[in-house]
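Report on one structure; see the data block that follows.
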Amino acid sequence: MRDTTTLGIGREALYSLISNITMGVVGFAGTFIFAQVLGASGLGVYQTALAAAFVFTELSSGIAVAVRKRVSEVDTDPSKYLGGALLLHVLFSLTVLLAFIVARGPAIRYFGSKEIVIGVILVVTSLGFFQIANRVYAGMGYPSRSSWMDTVRSVFTLIAQVVLLWIGLEAFGLIVGLAIATVVTAVLAVLIAGVRPKLPTKQTLDRIYEFARWSVPNGLLNNLYSSSDILIITAVAGNAATGLYTVAKQLVQPAAYLSGSISNALYVKSSGRHSAGQGITQDLTNSVAYAGLLAIPMFFGALAMPNAIPRTVFGGEFAAAGGALIGMGVFQLSNVYASQFESIFGSIDRPDVVFRVNVAVTVVHLPLAVGLGYGYGLLGVVAATVVAEVIRFVVYQYLAYSRFSRVILPRPVMEQALSGAVMFGLVESVLLFTRIRGWFILLPIVAGGAVVYFATLFLISSHFRTAIRNAVPVDYGPLKTL
C-alpha cells in the first residue's frame with residue numbers, strides 16, 4: 001500500500017487521463033461499429049439492457065465504494081475488506097438471479113427476448129465483481145493504475161464483442177462479450193493488487209456497513225438517475241430515439257475524462273488526509289479549478305456544430321441527435337464540477353450528505369423527465385436532465401460554503417470559459433465560409449479549435465502554466481520541472 005496522504009493528484013490525474021482517453025477511443029470505436037452493424041434500434045436494445053444492469057449492479061458497486069473508503073484510510077489491511085465485499089456480492093447476485101426467475105415473464109416482454117434477460121444477469125454478476133476488485137486497488141493508493149485496469153477491460157470487451165458480433169449474436173453477443181471480459185479483468189486486478197481475500201471479522205463488516213448504508217443507496221440513485229434517461233426515452237420515444245441519445249452522450253463523454261481522473265485521486269488522497277486529521281480544502285479547490293478543462297471546449301464545440309458532428313461521425317441517420325448533443329454538453333459541464341464535491345464529502349465520511357443531494361436531484365429529475373418526455377420526446381428528457389444537474393451543482397456549492405466558509409469557484413474556471421468563448425468565435429467564423437461535408441473538414445476544424453482554446457488559456461492563465469509544470473515532468477524549456 002502507498003501513503004495516500006501524500007498522493008500527487010495532478011500526476012495521478014494525468015496518468016488516469018491517458019487511460020481514460022484510451023478507453024474513450026475504444027468505447028467510441030465500439031459504438032461506431034455497433035451503430036453501423038445494428039443501427040439505431042439494435043444499439044438501443046443493447047443500451048437499454050446495460051442501463052437496467054447498471055441499476056442492479058449498484059448494490060455491489062456501493063459496497064465497493066465503501067471498501068475503497070476504508071482501504072484508503074491510514075493503517076488498514078485490505079484483505080478482509082476484499083473478502084467481505086466479495087461475500088456480500090455473491091449473496092446479492094444470487095438474489096438478483098432469483099428475482100429474474102420469479103419475474104421472467106414481464107422481464108422478457110420489456111427486453112424483448114430471454115437471451116437479453118440472461119445477458120442482464122451476467123452483466124450484474126461480472127460487473128459487481130470487477131467494481132469491488134478495482135476499487136480495492138484504487139483505495140490502496142493506486143487510483144491511476146485502477147483506471148488503467150478499466151481501460152484493459154474495455155479493450156478485452158471490444159475484442160470479445162466484435163468476435164461475438166461477427167458470429168451473428170447481435171445485441172446479445174455484445175452483452176455476453178462485456179460479461180466475459182469483465183470477469184477476466186477482475187481476476188487480473190486482484191492478482192496485480194497482490195491482495196488475497198480473507199474471511200471478514202464482525203468489525204470489518206460493521207465498518208463496511210457504516211459507509212455502505214449510504215453509498216449503496218447513493219449508487220442506486222446515481223445510476224437510476226443516469227440510466228433512467230435511456231429507460232424513459234425507450235418507453236416514450238422508442239429504441240431509435242435511444243440510439244440518438246446514446247451517440248450524443250458518447251460524443252461528449254470525453255468531457256468527463258479529466259474530471260473523473262481528478263475526482264478519483266481526490267477521493268483517495270482526501271480520505272487518507274481526513275483520517276489522519278489533515279486539511280483538504282486546497283485539494284478540493286485545485287480539483288475544481290481543472291475539472292472542466294475539457295468539458296468547457298467540448299460544450300462550445302457542440303454548440304457550434306450540433307448536427308454536423310453526429311452526422312459526420314455516425315452517418316446521416318444520427319444527424320437528428322444535434323439537440324441532444326447540446327443538452328448533454330451542458331449536462332457534462334455541470335456534472336464535472338459536481339463530481340468533485342461528491343468525492344470530497346464521501347472522502348470525509350459524509351456519504352449521508354451525498355445521499356441527500358442525490359435524493360433531491362432524483363425527486364426533481366424523474367417526474368420532470370417523464371412529463372417532458374411524453375410532451376417533447378427525446379429533447380424533453382434531455383432538458384429535464386440538464387435542469388436536475390444544474391440544481392445538483394448549485395446545492396453542492398451551498399453545502400461547500402457551509403462546510404468550508406467559501407464558494408469553491410476558482411479563477412481558472414473563468415479563464416477556461418473565456419478561452420472556450422474565443423474558440424467558439426473562431427469556429428463560428430470558419431463555418432460562415434465552410435460547410436462540413438466529411439471527416440476531412442471536421443477534423444481540421446476540431447483540431448484548430450482545440451489549439452486556439454489551449455493556446456489562449458496558456459497565454460492568459462498563469463495558474464494553468466503552473467499546473468502544467470507540476471503535473472508534467474519535463475527537463476527542458478520554459479516548463480522545466482526536473
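What you are looking at is a predicted structure, and each value in this text was computed from that prediction instead of being measured.
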| For Ser147 and Asn20, does a side-chain donor sit closer than 3.5 Å to a side-chain acceptor? | yes
| query | Does some side-chain heavy atom of Leu293 sit less than 4.5 Å from a side-chain heavy atom of Leu457? | reply | yes
| message | Side chains of Val65 and Arg135, heavy atoms from C-beta outward: is any pair under 4.5 Å? | response | yes
| So, Asn264 versus Arg68: side-chain donor-acceptor pair below 3.5 Å or not? | yes
| note | side chain to side chain contact (heavy atoms under 4.5 Å, CB included) test vs Gln340 passes for just one of Ile262, Ile408, Thr285, namely Ile262
| request: Quick one: pull up NZ in Lys198 and OG1 in Thr204 and give me the separation to the nearest 0.5 Å. | output: 10.5 Å
| said: Can you confirm whether or not the ring centre of Phe56 sits under 6.0 Å from the ring centre of Phe100? | reply: yes
| Heavy atoms from other residues, nucleotides or ligands near OH of Tyr110 exceed 12 (cutoff 6.0 Å) | yes
| Note, Leu178 side chain near Val123 side chain (heavy atom, < 4.5 Å) | yes
| Side-chain donor-acceptor pair under 3.5 Å between Ser72 and Ser271, yes or no? | yes
| message | Can you give me the closest heavy-atom contact between Ala171 and Tyr46, atom names plus distance? | response | O-CD1, 4.2 Å
| query | What closest approach, in Å, do Ser60 and Phe92 show between heavy atoms, and which atom pair accounts for it? | reply | OG-CD2, 3.6 Å
| said: If only side-chain N and O atoms count, and only distance matters, is there a donor-acceptor pair under 3.5 Å linking Gln47 with Thr242? | reply: no
| Can you find a heavy atom in the side chain of Thr385 that is under 4.5 Å from one in the side chain of Tyr225? | yes
| message | Give me each pair satisfying side-chain hydrogen bond (donor to acceptor under 3.5 Å, both in side chains) with a member in residues 176-194, each pair once, sequence neighbours excluded. | response | Arg153-Thr182
| query | Rounded to the nearest 0.5 Å, what separation is found between the OG atom of Ser146 and the CZ atom of Phe130? | reply | 8.0 Å
| request: Nearest 0.5 Å please: distance from the CD1 atom of Ile230 over to the OG1 atom of Thr246. | output: 4.5 Å
| field | Note, Thr125 side chain near Phe129 side chain (heavy atom, < 4.5 Å) | value | no
| query | Met23 and Ser154: which non-hydrogen atoms are nearest, and at how many Å? | reply | CG-OG, 3.0 Å
| message | Ignoring hydrogens, what is the shortest heavy-atom contact between Phe299 and Gly329? Give both atom names and the distance. | response | CD1-C, 4.0 Å
| message | If you apply the rule side-chain contact (heavy atoms from CB on, under 4.5 Å), what do you find for Gln161 with Phe34, and how did you get there? | response | CA-CA 9 Å; Gln161 289 177 325; Phe34 307 152; 3.2 Å; yes
| query | When you look at CG of Leu91, are more than 12 heavy atoms from neighbouring residues, nucleotides or ligands closer to it than 6.0 Å? | reply | yes
| field | Ser215 OG to Phe355 CZ distance, which is reported to the nearest 0.5 Å | value | 11.0 Å
| query | Could you walk me through whether Val190 and Val195 pass the side-chain contact (heavy atoms from CB on, under 4.5 Å) check? | reply | CA-CA 6 Å; Val190 172; Val195 179; 5.9 Å; no
| Between Arg392 and Asn335: side-chain donor-acceptor atoms closer than 3.5 Å | no
| task | Could you tell me whether the side chain of Thr151 reaches within less than 4.5 Å of the side chain of Val26, counting heavy atoms only? | result | no
| remark: Separation between OH (Tyr142) and OG (Ser144), nearest 0.5 Å, reads 10.0 Å
| Verdict with reasoning, Arg207 to Phe211, per side-chain contact (heavy atoms from CB on, under 4.5 Å) | CA-CA 7 Å; Arg207 291 281 288 161; Phe211 199 91; over 6 Å; no
| query | What heavy-atom pair brings Leu205 and Gly84 nearest, and what distance separates the two atoms? | reply | CD2-CA, 4.3 Å
| task | Measure up the Tyr396 and Phe345 rings against each other and bin them: parallel (under 30°), tilted (30 to 60°), perpendicular (over 60°). | result | parallel
| field | Heavy-atom side-chain contact between Arg70 and Glu210 under 4.5 Å | value | yes
| query | Val386 and Phe331: which non-hydrogen atoms are nearest, and at how many Å? | reply | CG2-N, 4.3 Å
| request: Sequence neighbours left out, what pairs pass side-chain hydrogen bond (donor to acceptor under 3.5 Å, both in side chains) with at least one residue falling in residues 400-415? | output: Arg411-Glu415, Glu415-Ser461
| request: Please tell me if the side chains of Glu342 and Val357 come closer than 4.5 Å, counting only heavy atoms from C-beta onward. | output: no
| task | Cation-pi check, Arg145 to Tyr137: give yes when NZ or CZ is under 6.0 Å from the six-membered ring centre and within 45° of the ring axis, no otherwise. | result | no
| query | So His463 and Tyr290, ring-ring contact (aromatic ring centres under 6.0 Å, His included) or not? Walk me through it. | reply | CA-CA 10 Å; His463 198 286; Tyr290 291 99; 5.4 Å; yes
